[in-house]
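Let me begin by presenting the structure, written as structure tokens, before commenting on it.
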Amino acid sequence: MHKDLAYVLLEEEAIQKRVKELGRQITRDYEGKELVLIGILKGAVVFFSDLIRHVELPMSMDFMAISSYGNATKSAGVVRILKDLDKDIVGKHIIIVEDIVDSGLTLSFLKDNLVSRGAASLRICALLDKPERRKVDIKADYQGFTIPDAFVVGYGLDYAERYRNLPYIGVLKPEIYTKD
Ligand code: IMP
Ligand code: MG
């Protein structure tokens, strides 16, 4: 385990097993349809790349990058698009792939934004859900794990851009983010 972690919350094997199940569920639900999976940079990149290998359908991928103002561990709710989609999504079946639903502000912004562009359908697939911190009423259609209210890193999730490369998800020691 990485020395900056208090404990491992989700082991690599458990994550891989769940991601495979989510991919299979999406495969069943979208049979006969053509899908566009939209990954939200950068946190969802690791989850996204594992997930798509379990989606056995014709699909394309696109990416958006979002910034929410606030400090490193709490989002302030003001969302800005840093990188937009390459292609338009009119008439497409969309799944937004996100790392975590925390306050829900990012996803609620994204959902409204993408629906307004004329997608045929839109669902959300989020690896993690922290329901205790929700500020707006939003729920992922596909969800990996419900987790307690703790700041987690690894498997794409960062603190100050670090720890994204850990293959498991762990809870950061509080002294790591309270010292600065
Ligand atoms: P929301 O808008 O509050 O739902 O925040 C969503 C974004 O905040 C995620 O895409 C993450 O980038 C970040 N985030 C929220 N909770 C955590 C966490 O525990 N660890 C790392 N990043 C987090
Ligand atoms: Mg982040």
Side-chain angles (χ1 to χ4, degrees), residues 1-12 14-15 18-19 22 37-52 61-85 94-116 122-180:
M1 180 180 79
H2 193 289
K3 64 172 174 36
D4 294 352
L5 297 184
Y7 58 93
V8 173
L9 185 66
L10 297 164
E11 299 281 0
E12 182 174 2
I15 298 171
R18 187 71 188 117
V19 171
L22 290 172
L37 293 180
I38 298 179
I40 307 306
L41 301 172
K42 292 173 256 185
V45 159
V46 179
F47 173 42
F48 187 93
S49 68
D50 282 342
L51 180 71
I52 60 170
M61 59 169 96
D62 209 338
F63 295 94
M64 283 179 87
I66 296 297
S67 123
S68 57
Y69 295 101
N71 65 30
T73 59
K74 281 193 181 68
S75 99
V78 185
V79 179
R80 190 163 56 109
I81 296 175
L82 300 178
K83 184 228 170 285
D84 209 343
L85 300 173
I94 304 294
I95 300 179
I96 303 174
V97 180
E98 178 57 310
D99 51 1
I100 184 167
V101 194
D102 187 27
S103 70
L105 292 163
T106 306
L107 274 173
S108 119
F109 166 84
L110 274 172
K111 198 173 176 180
D112 293 349
N113 184 281
L114 295 180
V115 164
S116 76
L122 188 142
R123 285 183 179 170
I124 292 168
C125 176
L127 181 69
L128 305 176
D129 180 25
K130 250 193 234 177
E132 285 168 52
R133 305 228 325 147
R134 202 72 92 252
K135 287 191 189 141
V136 290
D137 183 26
I138 193 156
K139 205 173 177 303
D141 303 281
Y142 301 97
Q143 183 184 295
F145 302 93
T146 301
I147 64 165
D149 180 13
F151 195 78
V152 294
V153 295
Y155 198 68
L157 291 124
D158 73 305
Y159 171 68
E161 297 300 328
R162 293 183 60 201
Y163 314 107
R164 294 193 198 275
N165 55 323
L166 300 177
Y168 47 84
I169 291 171
V171 173
L172 207 54
K173 287 179 181 162
E175 64 258 36
I176 302 293
Y177 57 82
T178 49
K179 75 182 174 210
D180 48 30

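Just so you know, ligand 1 is whichever comes first in the structure, and atom 1 is the first atom listed for that ligand. Hydrogens, waters and symmetry mates are skipped; everything else that's a heavy atom, side chains included, is used.
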Given the rule in the side chain to side chain donor-acceptor pair (under 3.5 Å) test, do Asp50 and Tyr155 qualify, once you have shown the distances and angles that lead to the verdict?
-> CA-CA 10 Å; Asp50 282 342; Tyr155 198 68; 2.6 Å; yes

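- Heavy atoms of Val152 found under 4.0 angstrom from ligand 1 belong to the backbone as well as the side chain.
- When the shell of 6.0 Å around CG of Asp84 is examined, it contains more than 12 heavy atoms from other residues, nucleotides or ligands.
- Backbone and side-chain nitrogen or oxygen atoms of Val153 are examined, and none is located within less than 3.5 angstrom of a nitrogen or oxygen of ligand 1.
- Partner Phe47 forms a side-chain contact (heavy atoms from CB on, under 4.5 Å) with one of Ile40, Asp99, Val97 and no other, that one being Val97.
- Put simply, no part of Leu128 is less than 4.0 Å from ligand 1, judged by heavy atoms.
- We find that Arg133 and Asp102 are joined by a salt bridge, their nearest charged nitrogen and carboxylate oxygen being less than 4.0 Å apart.
- Short contacts between ligand 1 and Thr106, defined as distances under 4.0 Å to a heavy atom of the residue, involve ligand atoms 1 (P), 2 (O), 5 (O), 6 (C).
- Heavy-atom proximity to Glu98, at under 4.0 Å, picks out these atoms of ligand 1: 10 (O).
- Heavy-atom distances between Ala150 and ligand 1 reach below 4.0 Å in at least one pair.
- For Lys135, no heavy-atom contact with ligand 1 is shorter than 4.0 Å.
- The number of heavy-atom neighbours closer than 6.0 Å to NZ of Lys173, taken from other residues, nucleotides and ligands shown, is above 12.
- If you look at Lys130 next to ligand 1, the close heavy atoms, those under 4.0 Å, all belong to the side chain.
- Checking each of Val101, Asp112, Val79, Ile100 against Leu107 for a side-chain contact (heavy atoms from CB on, under 4.5 Å) leaves exactly one that passes, namely Val101.
- Any N or O atom pair closer than 3.5 Å counts here, and Gly104 shares at least one such pair with ligand 1.
- Near Asp158, the atoms of ligand 1 lying under 4.0 angstrom from a non-hydrogen atom of the residue are 21 (C).
- Residue Leu41 holds its CG atom at 6.0 Å from CZ of Phe63, rounded to the nearest 0.5 Å.
- The atoms of ligand 1 that sit less than 4.0 Å from any heavy atom of Asp102 are 1 (P), 3 (O), 4 (O), 5 (O), 15 (C), 16 (N).
- A perpendicular orientation is assigned to the rings of Tyr163 and His2, their planes being inclined by more than 60° (bins at 30° and 60°).
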